Amino acid sequence: MTRRDLTPPQTVGPFFHGGLLPEAMNVLVTGETAGERIRIEGCVYDGDGAPVSDALVEIWQANAAGRYRHPADRRSAPLDPAFTGFGRAGTDERGFYWLETIKPGRVPFDATRTQAPHLNVFVFARGLLDHLRTRLYFDDERTNTDDPVLRVVPQPRRPTLLAKHQTAGGRVIYRYDVVLQGDGETVFFTL
Amino acid sequence: MDGPGRDPSTFPPYLYEAYRATTRRAPKQPLIPLPHTLSEITGPGPALSGALHQTVQGAASAEDSDLTTNMGTGTEAMGERIIVTGRVLDEGGTPLPNTLIEIWQANAAGRYRHRVDQHHAPLDPNFLGYGRCLTNKDGVYRLITIRPGAYPWQNHPNAWRPAHIHFSLFGSSWVSRLVTQMYFPGDPLQPLDPIFNSVPAAARARLIAQYAHDVTQDGYALGFRFDIVLHGPNATPFEPYETAQRATR
């Protein structure tokens with residue numbers, strides 16, 4: 001087969017809501033979903049510290065047993081019929097977004113190592129010519145210290161990937177802000 | 001600043017000063033290359049396509065791929081009716097079947113149905129401006145819509161976006177995710193547009209649909225062809241993992 005040149009990305013622009021959010025997609029759980037209920041919330045900020053009101057956050061995660069709903073995950077950990085693992089949330093005028101989901105289980109890194117629980121995160125916005133790729137880890141997870149991905153991130157920048165555990169009204173909230181540029185800039189990856 | 005996962009001959013830089021909004025939004029720290037683990041070689045594409053497929057079979061309508069009628073008013077949208085079709089492929093040229101495509105666009109007058117679009121141009125009561133479809137078993141998709149209008153924006157004096165349709169695809173893995181814009185051949189606004197120009201010159205043609213007379217339907221609509229090539233995951237690290245697991249049992 002001939003190698004094909006990739007189609008280049010372009011910005012999502014400011015008018016994506018009808019196309020990408022025709023209905024809300026920020027509640028990943030139903031009453032039947034297995035696992036610890038968590039709320040992810042935070043703000044997206046630009047290089048001036050101003051809220052980004054036209055960003056879109058997408059997440060992809062394993063279920064509570066650490067299994068991805070995808071044909072490439074052929075392990076024996078059970079699928080949850082009440083969980084897909086994909087969510088999407090737009091930011092409001094304060095740059096704020098939220099998602100209701102469950103804490104994911106651990107998944108393998110390679111043949112011998114395991115990853116700490118994490119969400120895979122994309123950020124889209126006007127002014128982003130390509131989406132940004134990052135991860136969300138949980139700041140109260142002891143296994144973070146051994147996570148092979150966190151370990152390649154320079155230590156001073158690792159906290160930008162850690163969602164902060166809070167409780168409000170008996171609910172578990174992980175606060176995860178995304179700083180596109182400048183002081184406290186979130187770590188972004190290439191895949 | 002960009003790592004090996006973003007080939008500079010294809011990808012626009014995050015910071016492209018002619019597009020003003022990039023100056024406060026482009027990251028300044030180096031991007032960190034991430035190996036393709038199970039998290040990256042999986043992705044929501046198959047599950048989302050499956051869910052839509054079930055919805056489509058349950059509903060009378062064929063997907064949501066006809067933007068000239070999907071407002072549901074019973075009256076067709078105003079504008080030059082077009083058919084946009086093409087194949088979705090991976091880098092090896094393999095067609096990607098059952099792949100979800102989401103699109104959105106301005107109406108024929110260059111106006112989006114969106115609360116922040118202040119362009120002084122009419123909304124079309126019969127045009128929603130977004131839809132979605134799946135590729136078939138040969139990786140082919142087909143959309144019916146109207147040619148979007150150009151519209152002004154605030155980036156620089158007398159700035160106009162060339163006519164374009166936004167495309168969003170998931171592909172087979174997290175790595176494959178693509179959001180892009182499809183442009184039309186012969187549009188004089190393209191060389192003036194910093195968003196289009198942010199893509200390296202040699203790669204810009206990949207964003208322009210080709211007029212396709214074989215797609216054009218007599219007495220009905222003009223045809224355009226736009227193929228899309230998605231990044232795939234590296235050689236799967238997962239088989240060795242399974243093998244190793246079995247070996248240690």
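Computed from a predicted structure; not experimentally measured. A, B, ... follow the sequence lines: proteins, then strands. Residue 1 opens every chain.
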task = Among A:His118, A:Arg135, A:Gln61, single out the residue with the greatest number of heavy-atom pairs under 4.5 Å to chain B.
result = A:Arg135
key: Region of B:Thr42 that comes under 4.5 Å of a non-hydrogen atom in chain A   = both
key: Shortest non-hydrogen separation from B:Thr22 to A:Gln181 and the atoms involved   = O-NE2, 4.3 Å
ask   = Below 4.5 Å, heavy atoms only, C-beta onward: do B:His231 and A:Leu191 meet side chain to side chain?
value = no
Contact origin within A:Ile59 toward chain B - heavy atom pairs under 4.5 Å = backbone
ask   = Side chain, backbone, both or neither: which part of B:Arg113 has an atom under 4.5 Å from a heavy atom of chain A?
value = neither
request  = For the pair B:His114 and A:His17, name the ring-plane relationship: parallel under 30°, tilted 30 to 60°, perpendicular over 60°.
outcome  = tilted
query = Are B:Arg6 and A:Asp130 side-chain neighbours, meaning at least one heavy-atom pair lies under 4.5 Å?
reply = yes
request  = With a 4.5 angstrom heavy-atom cut-off, could you sort out which part of A:Val12 is near chain B: side chain, backbone, both or neither?
outcome  = both
query = Any side-chain heavy atom of B:Tyr183 sitting closer than 4.5 Å to one from A:Gln10?
reply = yes
ask   = chain B heavy atoms under 4.5 Å from A:Thr84: which part of the residue, side chain, backbone, both or neither?
value = side chain
ask   = Is chain B contacted by the side chain of A:Glu58, its backbone, both, or neither, given a heavy-atom distance below 4.5 Å?
value = both
ask   = Hey, which of B:Ser9, B:Pro46, B:Gly129 has the most heavy atom pairs under 4.5 Å with chain A?
value = B:Pro46
key: Main-chain N/O of A:Gly127 paired with B:Tyr19 side-chain donor or acceptor, under 3.5 Å   = yes
task = Report yes if some heavy atom in the side chain of B:Pro35 is under 4.5 Å from a heavy atom in the side chain of A:Phe109; otherwise report no.
result = yes
key: Exam field: side chain B:Glu91 to backbone A:Arg3, donor-acceptor pair closer than 3.5 Å   = no
query = What do you reckon, is CD of B:Gln210 surrounded by more than 12 foreign heavy atoms closer than 6.0 Å?
reply = no
remark   = Interatomic distance, CZ@A:Phe16 vs OH@B:Tyr112, rounded to 0.5 Å, equals 12.0 Å
ask   = Under a 4.5 Å cut-off applied to non-hydrogen side-chain atoms, are B:Ile32 and A:Pro154 in contact?
value = yes
remark   = Bottom line for A:Phe124: the part with an atom under 4.5 Å from chain B's heavy atoms is side chain
key: Backbone of B:Val229 reached by a side-chain donor or acceptor of A:Thr7 within 3.5 Å   = yes
key: chain A interface, residue from B:Leu230, B:Val199, B:Ile195 that has the most non-hydrogen pairs under 4.5 Å   = B:Ile195
request  = Measure B:Leu128 against the heavy atoms of chain A and call it side chain, backbone, both or neither at under 4.5 Å.
outcome  = neither
message = Once rounded to the nearest 0.5 Å, what's the spacing between atom OG1 of B:Thr180 and atom CG of A:Leu129?
response = 10.5 Å
query = So how far is it from A:His131 NE2 to B:Arg177 CZ, rounded to the nearest 0.5 Å?
reply = 7.0 Å
query = Among A:Asp46, A:Leu6, A:Asp5, A:Leu20, which residue forms the greatest number of heavy-atom pairs with chain B at distances under 4.5 Å?
reply = A:Leu6
request  = Would you mind checking which part of A:Pro148 comes under 4.5 Å of any heavy atom in chain B, side chain (CB onward), backbone (N, CA, C, O), both or neither?
outcome  = neither
inquiry  = Counting only heavy atoms not in A:Asp183 (residues, nucleotides, ligands), do more than 12 fall under 6.0 Å from its CG?
reply    = no
inquiry  = Could you tell me if the side chain of B:Tyr151 sits less than 4.5 Å from the side chain of A:Phe15, heavy atoms only?
reply    = yes
task = Just give me the residue among A:Thr134, A:Val179, A:Val187, A:Asp54 that pairs up with chain B most often, heavy atom to heavy atom, under 4.5 Å.
result = A:Asp54
key: Backbone of B:Ser39 reached by a side-chain donor or acceptor of A:His70 within 3.5 Å   = no
key: Under 4.5 Å from any heavy atom of chain A - which part of B:Glu40   = side chain
message = For chain A, which candidate among B:Ala203, B:Ser168, B:Ala21, B:Pro44 shows the most heavy-atom pairs at distances under 4.5 Å?
response = B:Pro44
inquiry  = Among A:Gly47, A:Ala50, A:Gly18, which residue has the highest count of heavy-atom pairs closer than 4.5 Å to chain B?
reply    = A:Gly18
Chain B contact via A:Val44 - side chain, backbone, both or neither, heavy atoms under 4.5 Å = neither
inquiry  = Ring centres under 6.0 Å, that's the criterion: do A:Phe188 and B:Tyr14 meet it?
reply    = no
ask   = Contact part of A:Val52 toward chain B, heavy-atom cut-off under 4.5 Å: side chain, backbone, both or neither?
value = both
Whether over 12 other heavy atoms sit under 6.0 Å from B:Gln154 CD = no
task = For B:Tyr130 and A:Pro22, work out which heavy atoms get closest and say how close.
result = CE1-CB, 4.0 Å
inquiry  = Looking at chain B, which one of A:Asp48, A:Val107, A:Thr186 has the largest number of heavy-atom pairs inside 4.5 Å, strictly under?
reply    = A:Asp48
task = Taking the side chain as every heavy atom from C-beta outward, state whether B:Leu38 and A:Asp73 have any atom pair closer than 4.5 Å.
result = yes
ask   = Of all of A:Phe86, A:Tyr68, A:Phe122, which one pairs up most often with chain B through heavy atoms under 4.5 Å apart?
value = A:Phe122
request  = Pick one of side chain, backbone, both or neither for B:Thr23, based on which atoms fall under 4.5 Å of a heavy atom in chain A.
outcome  = backbone
A:Arg88 portion near chain B, given a 4.5 angstrom heavy-atom threshold = side chain
task = Measure distances from B:Ile228 to the heavy atoms of chain A and classify the residue's part below 4.5 Å as side chain, backbone, both or neither.
result = both
query = Side chains of A:Thr11 and B:Gln181: does their closest heavy-atom pair fall under 4.5 Å?
reply = yes
Check: A:Leu180 main-chain N/O paired with B:Arg25 side-chain donor or acceptor under 3.5 Å = no
request  = Taking all non-hydrogen atoms of both residues into account, name the closest pair between A:Pro9 and B:Leu178 and its distance.
outcome  = CA-CD1, 3.7 Å
inquiry  = Within this structure, what is the CG-CG distance for the pair B:Leu34 and A:Asn120, rounded to the nearest 0.5 Å?
reply    = 8.5 Å
query = Is chain A contacted by the side chain of B:Pro200, its backbone, both, or neither, given a heavy-atom distance below 4.5 Å?
reply = neither
task = State, to 0.1 Å, how close B:Arg206 and A:Pro8 come at their nearest heavy-atom pair, and which atoms those are.
result = CB-CD, 3.9 Å
